[in-house]
Student: 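Below is the structure I would like to discuss, written out as structure tokens.
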Amino acid sequence: MKRFAKTAAAAGAAALLLAACNGADEPSGDATDGGGDDPVYAAMASWNACEVLGDLQPVTDYMGIVGWGASTSEGGLPGNSELGNTWDPDAMGCNGLFNLGDYEGYSMSGEFSVGIVPAESEEAAAAAYDERLSAIESDASAGQDLVQEEFGDPWDQGAAYSWVGDADQPYTQVIAQDGQWVFHIDLYHSNDYGLRGGGDPALAFTEDGLRQWFVETYLPQVNQTVNDRIAEVQ
């Protein structure tokens, strides 16, 4: 499995990811056949992650995102990536660069990637969770000001990490497992330019507040949405 976590905010890599998300990546036979005859895996493998997740509208609203696409754009939607895509082949993704607006002529932007990872069994999902968690911990160890927490219900297991990476960019990753699927958020963005020199905040959120919102509000909503769909095929 290719690592879903990015270790650097390189502009070239970001552009490639955006192209992959908005392109026509078709699922490979190997990726979509991994669930064998399991009906839940087969059903999930056909999903459009952006459609399931409402084009990330709750994230857009909470973070105050003014546009998806090129880092200076307004409007637009995140891009969908199917199971078997080149960046995270084991996940259906909804991803994209985003624009957080301008502050005194400086653009604040970032990139958001989310994956729904189906598995053929709870044991396989737990293994996928552990693999991704190890990758997150490796990325986080290279940053500064690390904050991490574990969480549970309604998930079997979950963990949230935030840290400061290159160029003082905040990073957040959240991962959770429920039954035979895993949910994985990978996010970085510009720091809050308004706080430089002791000014007022320019962003609609703080890092601590964002991490808590993911854990306490957004992930329970996603859990309900995904499990309601799974119930239709069980």
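Model, not experiment: these values are computed from the prediction. Positions are given from 1 along the sequence.
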Student: Are any non-hydrogen side-chain atoms of Met44 and Val233 less than 4.5 angstrom apart?
Tutor: no
Student: Would you say Leu83 ends up clustered with Val52 if hydrophobic residues are merged whenever their side chains have heavy atoms under 4.5 Å apart, either directly or through other cluster members?
Tutor: yes
Student: Do Phe205 and His189 have side-chain heavy atoms sitting under 4.5 Å apart?
Tutor: yes
Student: Which heavy atom of Ser162 sits nearest a heavy atom of Thr172, and at what distance?
Tutor: CB-OG1, 3.9 Å
Student: Can you tell me how far OH of Tyr171 sits from CG of Leu146, rounded to the nearest 0.5 angstrom?
Tutor: 14.0 Å
Student: Under 3.5 Å, is there a donor-acceptor pair between the side chain of Ser138 and the main chain of Ser134?
Tutor: no
Student: Any side-chain to backbone donor/acceptor pair from Ser190 onto Ser109? Under 3.5 Å, distance only.
Tutor: yes
Student: Does the pair Asp139 and Trp163 meet the rule for a side chain to side chain contact (heavy atoms under 4.5 Å, CB included), with working shown?
Tutor: CA-CA 9 Å; Asp139 288 346; Trp163 68 94; 3.9 Å; yes
Student: State whether the side chain of Asp61 and the backbone N or O of Pro58 hold a donor-acceptor pair below 3.5 Å, judged by distance alone.
Tutor: no
Student: Report the C-alpha distance between Arg132 and Gln173 in whole Å, list the side-chain angles of each, state the deciding distance to 0.1 Å, and finish with yes or no for side chain to side chain contact (heavy atoms under 4.5 Å, CB included).
Tutor: CA-CA 10 Å; Arg132 287 167 182 265; Gln173 289 207 48; over 6 Å; no
Student: Walk me through it: do Val226 and Phe183 pass the test side chain to side chain contact (heavy atoms under 4.5 Å, CB included)?
Tutor: CA-CA 10 Å; Val226 172; Phe183 192 64; 5.8 Å; no
Student: My understanding is that only residues two or more places apart in sequence, or in another chain, count here; which of them pass side-chain hydrogen bond (donor to acceptor under 3.5 Å, both in side chains) with Tyr161?
Tutor: Glu137
Student: Less than 4.5 Å apart, any side-chain heavy atom of Asn99 and any of Ile65?
Tutor: no
Student: Drop me the distance from Ile175's CD1 to Glu150's CD, to the nearest 0.5 angstrom.
Tutor: 12.0 Å
Student: Would a 4.5 Å heavy-atom cut-off, applied to side chains only, mark Pro118 and Gln180 as touching?
Tutor: no
Student: Would you mind telling me which of Leu187, Val114, Ile185 makes a side chain to side chain contact (heavy atoms under 4.5 Å, CB included) with Val174?
Tutor: Ile185
Student: Given 3.5 Å as the limit, does a donor-acceptor pair link the side chain of Asn85 with the main chain of Asp88, or not?
Tutor: yes
Student: OG1/Thr217 to OH/Tyr62 distance, rounded to the nearest 0.5 angstrom?
Tutor: 8.0 Å
Student: Which of parallel (below 30°), tilted (30 to 60°) and perpendicular (above 60°) describes Tyr193 and Tyr106?
Tutor: perpendicular
Student: Find the distance between CH2 (Trp87) and OG (Ser113) and round it off to the nearest 0.5 Å.
Tutor: 9.0 Å
Student: Test your reading of the model: is there a side-chain donor-acceptor pair from Asp192 to the backbone of Leu203, 3.5 Å cut-off?
Tutor: yes
Student: Taking all non-hydrogen atoms of both residues into account, name the closest pair between Pro78 and Cys94 and its distance.
Tutor: CG-SG, 3.7 Å
Student: For a 4.5 angstrom cut-off between non-hydrogen side-chain atoms, does Asn95 reach Ser81?
Tutor: yes
Student: Honestly curious: do Val164 and Met108 fall in one hydrophobic cluster under the side-chain, below-4.5 Å linking rule?
Tutor: no
Student: Would you name the heavy atoms of Ala159 and Leu133 that are closest together and state the gap between them?
Tutor: CB-CD1, 4.0 Å
Student: Of all heavy-atom pairs between Ala160 and Phe151, which one has the smallest distance, and what is that distance?
Tutor: N-CE2, 3.9 Å
Student: Could you state the interatomic distance from OG (Ser46) to CE (Met92), rounded to the nearest 0.5 Å?
Tutor: 8.0 Å
Student: Looking only at heavy atoms, what is the nearest atom pair of Val182 and Ala128, with distance?
Tutor: CG2-CB, 4.4 Å
Student: Counting only heavy atoms not in Asp228, do more than 12 fall under 6.0 Å of its CG?
Tutor: yes
Student: Judged by atom type as modelled, is there a donor-acceptor pair below 3.5 Å linking the side chain of Asn80 to the main-chain atoms of Ala49?
Tutor: yes
Student: State the CZ-CG distance between Arg229 and Asn227, to the nearest 0.5 angstrom.
Tutor: 12.5 Å
Student: Only one of Leu97, Leu56, Asp55 clears side chain to side chain contact (heavy atoms under 4.5 Å, CB included) with Trp68; which?
Tutor: Leu56
Student: Could you pull out the closest heavy-atom pair between Ala91 and Gly115, with the gap in Å?
Tutor: CB-CA, 4.0 Å
Student: Does any part of the side chain of Val215, heavy atoms only, come nearer than 4.5 Å to the side chain of Trp155, both counted from C-beta?
Tutor: no
